[in-house]
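Let me begin by presenting the structure, written as structure tokens, before commenting on it.
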Amino acid sequence: MRGWLLTRHFDLRQTLECGQFFDWSRGSSGYQVRACGRVFEVSQEGDRLTFSGVEKAFIQRFFSLDHQPAAIRARLPPDPWLDKAFAAYGRLRLLRQDPWECLVAFLLSPVSNIPRIQRNLRSVHDATGFEPSRMRPALLKGLGLGFRWRFLDSAARRVNKQGLGRWRKRGPAAMQGILGAGPKVQDCVRLFGYADYSAFPVDTWIRRALQELYGVKLKDRELRLWAGERFGPWGGYAQQWLFAWSRSERRFLRPGRIPARP
DNA sequence: TCCCAGGCCACAC
DNA sequence: GTGTGGCATGGG
């Protein structure tokens, strides 16, 4: 299976590398991606997206090529900071990941960093193929996940009990009670795995950004509500634009180095 | 050497 | 209910 398609207002690099997804690697030309139980290659030249190893319909769905960034921006409130973030990162799309794979990835995220999450996730994938029945403690402990191996163990036990198919169909509620699946992790899976675009994950970067750009000094639980009210049903996109932009401007997001209001 | 990292949990009070 | 330390490991 090999093919191509034309895209508009889409950036493959931003989309894969912005931190919503980790199971990619740069190949000779473009990226190799492992997602939703498939392995495929994809590359972009201009507006032309070339892929192999997977069918076109999958590419369109996985990369959310049905989304229109300008229309989404228009559904978010007027906001100079959002304008800046959108100008820089508005060509990324929120992926439609598999909820289970997405949960596994973000259970590896607490007190870690993106390069390490990526390494850890690849190890887990290579060792288990993301099959919960193969995620045994003895195996997980040897993968250098730190304390996070318990989180995968807890999730795997839960999913094994009811079967992966049934677990997926239960939706976000199925994450309740899994060790390590707190508010931030659940919001990430809602946003990236269940296509709930109202989800607004609050992490260290977003916390700093909201505090230093908008002057809101609240606890994470209130920040989440504040963002929900301000940004509404498409807040997830706002979150990801601000997240990517904040990271790229990291030296400006330190106390005393706040950029001038645009 | 010390500090922090896409948090979360158990345990004070 | 709210605040705090500890958690495994790696990198700056």
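So you know, we letter chains A, B, ... as the sequences are listed, proteins then strands, and number each from 1.
Note on A/Val185: only backbone sugar-phosphate atoms sit closer than 4.0 angstrom, heavy atoms only; bases stay farther off. Using a 4.0 Å heavy-atom cutoff across all strands shown, A/Pro183 reaches sugar-phosphate atoms only and no base atom.
In this structure, the separation between CZ on A/Arg93 and OH on A/Tyr237 is 6.0 Å, given to the nearest 0.5 Å.
Rounded to a whole Å, the CD atom of A/Gln186 is 9 Å from the P atom of B/dC9. The interatomic distance linking A/Phe151 (CZ) with C/dT9 (P) rounds to 13 Å, in whole Å. In this structure, A/Phe147 places its CZ atom 7 Å from C1' of C/dA8, rounding to the nearest Å. What separates CG of A/Leu108 from P of B/dA5 is a distance of 18 Å, to the nearest Å. Across the protein-nucleic acid pair, A/Leu107 atom CG and B/dC9 atom C1' stand 14 Å apart, rounded to whole Å. Between the NZ atom of A/Lys184 and the C1' atom of B/dC8 there is a distance of 12 Å, rounded to whole Å.
If you check C/dA8, B/dG6, C/dG3 against the side chain of A/Arg116, the one that comes closest is C/dA8. Nearest nucleotide to the side chain of A/Arg148, out of B/dG6, C/dA8, C/dG10: C/dA8. Of the candidates C/dT2, B/dG6, B/dA5, the closest approach to any side-chain atom of A/Arg208 belongs to B/dA5. Minimum atom distance to the side chain of A/Asn113 is reached by B/dA5, of the listed B/dA5, B/dC9, B/dG7.
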Apply ring pair (Phe, Tyr, Trp, His ring centres under 6.0 Å) to A/Phe62 and A/Phe21, showing your working.
CA-CA 11 Å; A/Phe62 182 66; A/Phe21 174 72; 5.7 Å; yes
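Of the charged side-chain nitrogens involved, at least one lies within less than 4.0 Å of a carboxylate oxygen, so that A/Arg190 and A/Asp187 count as a salt-bridged pair.
For A/Phe21 and A/Ile178, each mapped to the nucleotide of DNA chain B holding its nearest heavy atom, the one lying further toward the 5' end belongs to A/Phe21.
Atom name C1', nucleotides B/dC8 and C/dG11: the rounded distance is 22 Å, in whole Å. Of the P atoms belonging to C/dT4 and B/dG6, the separation is 22 Å, rounded to the nearest Å.
Below 30°, between 30° and 60°, or above 60°: for A/Trp234 and A/Tyr197 the angle between ring planes is below 30°, a parallel geometry.
A cation-pi arrangement is present between A/Arg208 and A/Trp205, with the terminal nitrogen or guanidinium carbon under 6.0 Å from the aromatic centre and inside a 45° cone about the axis.
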